[in-house]
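Here the structure comes first, spelled out in structure tokens, and everything after it is commentary.
Numbers for residues simply follow the sequence, beginning at 1. Atoms within each ligand, like the ligands themselves, are counted from 1 in listed order. Since the structure is predicted, the reported quantities are computational estimates derived from the model, not experimental observations.
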Amino acid sequence: MTCFTFVETFSLDKTVKKSKLSAFRSSFVRRLEVVPYKETCRNTFFLWRLEYGSQSNFSVPSSSLAREQHTVSSSSSVVKEKLVEKAQKYKVKPIKKVLIANRGEIAVRVIRSCREMGIETVAIYSTADRNALHVALADETVCIGEASSKKSYLDITSVLAAAEITGADAIHPGYGFLSENSVFSSSCEELGLIFVGPSPFAIDKMGDKSTAKETMLNAGVPCVPGSNGILSDAEEAVRIAENIGYPVLLKATAGGGGRGIKLARNSEDLRSLYQMCSAEAQAAFGNGKLYLEKFVEAPRHVEIQVFADKYGNAIHLGERDCSIQRRNQKLVEEAPCPVMTEELRAKMGEAAVNAAKAINYCGAGTVEFLLSATGEFYFMEMNTRIQVEHPITEQITGIDIVQLQLQIAEGRPLPYRQSDINLKGHAVEVRINCEEPKDNFRPVPGRVSSLFVPGGLGIRWDSHIYPGYTIAPNYDSMIGKLIVWGPTRDQAIRKMKRALNEMNIVGVPSTIPLHRAIFNNEKFIQGKEIYTNFLETEDILSQVVG
Ligand code: ADP
Ligand code: ADP
Ligand code: MG
């Protein structure tokens, strides 16, 4: 491998010498690393390390490394004409190259849709992810920094630098990391890059969970009773709690991923938890502000997938039930929700679409609700990005959500009306994490020495692991999602049981035994009385074998 190293300076105001860069973007360059080197108030100095020549040693099929050749057949000229016509009407800017500002399974997922659409891909990676699957599958790769997320996937300057030097025209943020960061999305806009997601305004309106609730109340969407915005201190929290009644939840306004939520059953709990919750939120999210919400006893988590375009059209793709959780984090998701009725779906769908319209939303988003045992539903939050569990919606609607995100980002109008959306069959997803369920879900990263993935009709595996892959300890412990589709819920559950029995990951512990216990549980199989406390009420952990 020939290496070439030099130092260049550039800042976000485009002092990059483009011609020089394109020379380096020749086909000989196998790998281009941009390593943040030194920062001054005006410029960031980067160390660029170029590797020429030989192929990498990844053990993925070489055919997937080769760029696809796209040929325009004669029949596609009609399609092309139509696209040109639409482009003129709708200000469409086709995306040619997407940088995926993420890692893991979602980066792989985005690359796959891009390939099918004829869009080139750029993978960014940290030094811990050199052997990651998304790096092996992308057309171009850029190393953007060290293992710690702060020094790589969360480093806005490095991510934008990678987009600039590779000539990407769009950025797909995936979920987590910078996906709900409005500074990032507006920086993309400033640099002329398409951000595959909503406007910075919409991100801000929904990113702060307390503000989001206020916005939704104003739009007439039912919300969980609680504080009017941010709490000023513990005493205010106690006053509000006495009014709405215990138990209550203290929630970090910047929280996410199930973190930053604390349950208080009385004023004593509330006073003692307040400082701790705020300090934890400050440390985890850089924002210690809290709000208060009534704790809804035994709810189901039901969320609506929405889609909106730049021209004011908004629809929903039905719901997902994500009630099977551990520590407020989803473990199993299914679509449709087993207790959904046509009437309730229409009401929740309308509320979700109104939520999106209220903030001029554009792209894919998810409006999360709590559904009480008596059928009332309350807005909880809106996630302004693709969701981990999006595949189950794809399975029952037949719509590729990533592809639709990219089309909307190009400026195309929604290709569906609400009446075009038909839900067919039943889909279930389980999140497989490299964790020890019986040891308080402790993450146990390590080397996957061998892997067997089930197959057959209606089975899908979205993952970034492969035999011989070493899971980095620096990131999320989710290593894959097993998704099944069947004509009915009963058949989907049987299929998942069969798939979970076949699935075998050797080298690291996983949540597979936990899922086997869940799918053997009578209440789960019956489906009608599942609430977010399912794991505890059914004492599932005691039934985990292996
Ligand atoms: P979903 O709602 O799509 O199921 P999760 O809540 O499980 O998503 O979060 C998806 C990923 O994003 C997880 O890795 C989680 O840790 C991360 N994440 C979500 N919100 C935040 C946040 N506010 N801060 C940090 N990480 C977050
Ligand atoms: P995150 O941003 O971490 O996803 P959410 O506000 O979406 O946080 O809540 C995560 C989970 O916590 C929900 O799916 C639900 O199980 C539980 N939860 C949140 N708010 C309430 C509430 N008011 N009452 C009961 N459970 C709640
Ligand atoms: Mg949530």
- Could you list the residues that satisfy side-chain hydrogen bond (donor to acceptor under 3.5 Å, both in side chains) with E376, not counting sequence neighbours? S372, T374
- Test side chain to side chain contact (heavy atoms under 4.5 Å, CB included) applied to N102 - qualifying residues, sequence neighbours left out: I100, I106, F177
- Does V296, backbone or side chain, put an N or O under 3.5 Å from an N or O of ligand 2? yes
- Note on the structure: Looking at K294, E297, E381, the heavy atom closest to atom 23 (N) of ligand 2 belongs to K294
- Report the C-alpha distance between F307 and Y416 in whole Å, list the side-chain angles of each, state the deciding distance to 0.1 Å, and finish with yes or no for ring pair (Phe, Tyr, Trp, His ring centres under 6.0 Å). CA-CA 10 Å; F307 250 106; Y416 313 102; 8.6 Å; no
- ligand 2 versus N328, non-hydrogen atoms closer than 4.0 Å: side chain, backbone, both, neither? both
- Message: Side chain, backbone, both or neither: which applies to K330 and ligand 2 if a contact is any heavy-atom pair less than 4.0 Å apart?
- Response: neither
- Query: Regarding R385 and the six-membered ring of F195, is the cationic atom NZ or CZ under 6.0 Å from the ring centre and inside 45° of its axis?
  - Reply: no
- Task: Answer with side chain, backbone, both or neither: which part of N383 has a heavy atom less than 4.0 angstrom from an atom of ligand 2?
- Result: neither
- Item | Opening angle between OE1 in E368 and OE2 in E381, taken at the Mg ion (ligand 3), to 10 degrees | 90°
- When you measure from the side chain of N521 to the backbone N and O of F524, does any donor-acceptor pair fall under 3.5 Å? yes
- Query: Any chance the side chains of D490 and T488 put a donor and an acceptor closer than 3.5 Å?
  - Reply: no
- Item | For ligand 2, the portion of Q329 having any non-hydrogen atom under 4.0 Å away | neither
- Would you call E333 and R431 a salt bridge, taking side-chain N to carboxylate O under 4.0 Å as the test? yes
- A student comparing E368, E293, K251, R259 should find that the heavy atom closest to atom 6 (O) of ligand 2 comes from K251
- Within-cut-off N or O pair, G258 and ligand 2, under 3.5 Å: yes
